[in-house]
Number of protein chains: 2
Amino acid sequence: MDLDLDLRKLRYFVAVAEHRHFGRAAQTLFIAQPVLSRQIRAFEQELGCRLFERTTRSVELTPAGQRLYEEARSITTVVTAALRRVHEAERGEQRLVVAFSPGLHVSEAIRVYAAEHPEVEIDVFPLRWWEQDAPLRDGRAHVGFLRRPFEDSGLRTVPVGHETKVACLPVSHPLAGRHALTSADLDGEEILDVRTRRTSSLDEKFELIAAGQGLALVPLSVAGSYSRSDLVHLPVTDALPVETCLAVPENACAGPVRDFLDVAASTLRRDARPSGPVGA
Amino acid sequence: MDLDLDLRKLRYFVAVAEHRHFGRAAQTLFIAQPVLSRQIRAFEQELGCRLFERTTRSVELTPAGQRLYEEARSITTVVTAALRRVHEAERGEQRLVVAFSPGLHVSEAIRVYAAEHPEVEIDVFPLRWWEQDAPLRDGRAHVGFLRRPFEDSGLRTVPVGHETKVACLPVSHPLAGRHALTSADLDGEEILDVRTRRTSSLDEKFELIAAGQGLALVPLSVAGSYSRSDLVHLPVTDALPVETCLAVPENACAGPVRDFLDVAASTLRRDARPSGPVGA
DNA sequence: CCAGATCCATGCCTCGACGGTATCAATGTG
DNA sequence: CACATTGATACCGTCGAGGCATGGATCTGG
C-alpha cells in the first residue's frame with residue numbers, strides 16, 4: 001500500500017477545490033501560484049488520476065476530485081482529533097476506548113467505572129459485524145464487549161451474559177406463520193452469516209432477507225430494535241444462546257484497563273472466571 | 001491548526017513502536033538506522049512531545065507515544081479507505097452517503113433507491129447528537145435524515161415524518177409515578193438539551209438523568225431502544241411532535257442525490273413539499 | 001479584429017529536508 | 001577489562017518545495 005499521502009498536498013488541493021481558482025487559493029495558502037500549480041499536478045500523478053478539469057478560464061472538480069474533497073474532511077477530522085488526544089496523553093490525561101458489538105448497549109460496568117474514575121476520558125467504539133476483535137488487537141480500542149464467535153487467541157475474555165437468538169425471515173416465507181421454530185426447521189435454508197455474506201450494515205442484512213436471499217439468526221435485542229413490517233422474528237426453541245464477553249488484549253495490564261476489569265468483575269457478581277491467566 | 005502531520009514520519013514511528021528497536025525497524029523500512037533516529041527526533045519536535053523513552057539498551061513508548069500508536073491505526077484506516085474510494089470514483093463508480101440522526105433507522109426510501117440503482121454504492125453515516133447538519137455541509141454525507149431542530153440555511157429539506165417525544169426521568173423522581181405528563185409539569189425542571197449540555201452519547205445523557213442532573217425529552221423510538229431499569233419514560237400529552245426531515249445541500253443537484261430525492265418523493269406519497277426552490 | 005486583462009503552465013534558481021556512510025558514546029556481557 | 005550492541009552525531013550528496021519571471025490560452029471592450 002502506498003500510504004504516503006502527502007497531507008500538505010491534500011491541504012493545497014482542498015484550497016483549490018474550494019476557491020476553484022489557483023491564484024486566490026495560493027493567496028490563502030501564502031504561497032506563489034506557480035508552486036500551487038506544480039503541487040497539484042504532482043499530487044495528481046501520485047494519486048494516478050486527474051483531480052481538476054481546468055482551462056485558463058475555469059477550474060472544475062472531476063468525479064475523483066469531488067470524491068477526494070469529501071474524503072479530505074474525514075481525514076482532517078481524524079488527524080486533528082488524533083493530535084489532540086496525543087497532547088492530552090502528554091499532559092497525563094488518560095483515556096479508555098470501549099468497543100461494543102452492534103446492538104449491545106453500554107453496560108453497567110462502564111457507568112460504574114466512569115463514576116469511580118472521572119479523570120479517565122471514556123470513548124465508545126461501535127464495532128462492525130465483521131470486525132469483532134480487530135480493533136482490540138490493533139489498539140483502536142482497549143476493552144470490548146463482544147458477541148461470540150470471535151477469535152480468542154491473544155485476548156483475555158470474561159463472559160458477561162447470554163443473548164437468545166431468534167430467526168429472522170421474510171413474511172412471505174412458508175415458515176413465517178409459525179409461532180416458534182426448531183433448528184430442524186432451518187435445515188436446508190440459506191443462513192446469512194458473517195462468513196457467508198459480508199453485509200456492511202445490519203439493515204443491509206435485513207434487506208437481503210426481505211429480498212428472499214436467505215434467513216439469519218440474530219440476537220433478540222437486535223431483532224427488537226430493528227423491527228420491519230416485511231420481516232418476522234421467530235424464537236428458535238433449541239438454539240443455543242450466544243455468549244457475550246468482555247475482552248481485552250493479553251498484553252494490556254496497564255492502569256485504566258486493569259481498573260476497568262476490576263470494576264467489571266465486581267459489578268458482575270457472577271461466575272466471572274477469566275478464560276486466561278490473570279497476571280498482576 | 002498545524003494539520004501538517006507527516007504520514008511518512010508516522011509510518012516510521014509505527015515501525016519503531018512495533019519493533020522497539022531502531023536498527024530492525026530501519027531494516028523493515030529499507031532505510032539506514034541513523035536516518036530513522038533523526039526522523040523520530042524531528043517528529044517528536046514537530047509534535048512537541050517525546051514519543052520514546054530510549055537508552056542505548058532499550059526503547060519504550062511514553063504515554064504520548066502509546067496514544068499516538070493507537071491513533072495511527074485510525075489514521076491509516078481512514079486514509080487507505082479514502083484513497084480506495086477516490087480510485088473507485090476515478091473508475092466511474094458512484095457512491096451515496098446517507099446520514100442518519102441517532103435512533104432513526106434506514107428508511108424505505110433508501111431500500112427502494114438501492115434496488116433501483118444497484119450501481120451506486122451506499123454508505124450510512126451515523127450522526128452524533130451535536131452534529132446534526134455539519135456532515136451535510138462539509139461533504140462527508142450527501143443526504144441526511146435529520147431530526148429537528150437543525151440549521152436550515154444552505155439545505156433543501158423535505159419533511160418525512162413526525163416522532164412523538166417522551167419525557168425521560170429517573171425512577172426516584174416525584175413525577176415518575178404518573179402515567180402521563182403535560183408540559184406544565186416540566187416547568188422548573190432542568191431539561192438536558194444539546195445546547196445546555198453537550199453529551200457525547202445517548203447513554204451518557206441517560207447517565208446524567210439517572211444521576212439526577214435533570215430530565216430530557218427524547219423521541220419515542222429512542223426511548224424504546226434504550227430502556228433502563230433506573231429510568232422511566234412518560235408521554236407528554238401536549239408536547240409537539242418533532243419533525244424528521246430529509247435534507248440535502250442546496251448546491252447538490254448531481255446524479256445520485258437527485259435520483260435519491262426522486263425516489264424519496266415517490267416513496268413518501270405524502271405532501272412532500274420542498275422547503276426551498278427545487279431547481280433543475 | 002485587435003489590444004489588454006486574466007489565469008494557468010513552464011523554466012530556472014535557491015534552500016532545506018531526506019537519505020547514506022563513517023564514527024562516537026553508552027551500556028551490557030563474558 | 002575487552003568486546004559487542006545500539007542509538008546518536010557529523011558530514012555530504014540528491015531531490016523536492018517554493019519564489020520569480022515569463023509564456024500561452026482565453027475572454028472582453030473598443
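All chains are named by letter (A, B, ...) in the order of the sequence lines, taking the proteins before the strands, and each is independently numbered beginning at 1. Because the structure is a prediction, the values reported are computed rather than measured.
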- Shoot me the first and last contacting nucleotide of DNA chain C against chain B, ordered 5' to 3', at under 4.0 angstrom to non-hydrogen atoms. C/dC18 to C/dG28

- Query: Quick one: A/Arg41 CZ to D/dG18 P, roughly how many Å, whole number?
  - Reply: 17 Å

- Rounding to a whole Å, what distance do you find between A/Leu36:CG and D/dA17:C1'? 12 Å

- Heavy atoms under 4.0 Å, any strand shown: does A/Phe52 hit a base, just sugar-phosphate, or nothing? nothing

- State whether B/Glu121 and A/Arg67 are salt-bridged, where the test is any N-O pair (Lys NZ or Arg NE/NH1/NH2 against Asp/Glu carboxylate O) under 4.0 Å. no

- What one should report as the nearest heavy-atom pair of B/Arg137 and B/Gly154 is NH1-CA, 4.3 Å

- Task: Figure out the CD/C1' separation between B/Glu44 and D/dA8, and round it to whole Å.
- Result: 13 Å

- B/Gln33 side-chain N/O to D/dA8 phosphate OP1/OP2 under 4.0 Å: no

- Assert: residue with more 5' nearest nucleotide on DNA chain C, out of A/His21 and B/Thr55, is A/His21

- Describe the nucleic acid contact of A/Arg20 in one word from base, sugar-phosphate, nothing, applying a heavy-atom distance below 4.0 Å. nothing

- Query: Which part of the nucleic acid, if any, lies within contact of B/Ala32, taking any heavy atom under 4.0 Å across all strands shown: a base, the sugar-phosphate backbone alone, or nothing?
  - Reply: base

- Would you say B/Arg38 reaches D/dA10's phosphate, i.e. side-chain N/O to OP1/OP2 under 4.0 Å? no

- Rounded to the nearest angstrom, tell me the gap between atom CZ in A/Arg57 and atom C1' in D/dG24. 13 Å

- Task: Answer yes when A/Glu90 and B/Arg50 have at least one side-chain N-carboxylate O distance shorter than 4.0 Å, and no when they do not.
- Result: no

- Roughly how many Å is it from CD in B/Glu60 to C1' in D/dG7, rounded to a whole number? 15 Å

- Message: Taking A/Arg95 first and then B/Glu71, would you say they form a salt bridge - that is, a charged N and a carboxylate O separated by under 4.0 Å?
- Response: yes

- Residues A/Arg20, A/Glu60: salt bridge by 4.0 Å N-O rule: yes

- Does B/Asp152 come within less than 4.0 Å of B/Arg156, counting only side-chain N to carboxylate O? no

- N or O in side chain of B/Ser37 less than 4.0 angstrom from D/dA8 OP1/OP2: yes

- Check the angle between the aromatic planes of B/Phe260 and B/Phe145 and answer parallel, tilted or perpendicular using the 30° and 60° thresholds. perpendicular

- Nearest whole angstrom, please: distance from the P of D/dA8 to the CZ of B/Phe43. 16 Å

- Looking across every strand, which nucleic acid part, if any, lies under 4.0 Å from A/Phe30 by heavy atom: base, sugar-phosphate, or nothing? sugar-phosphate

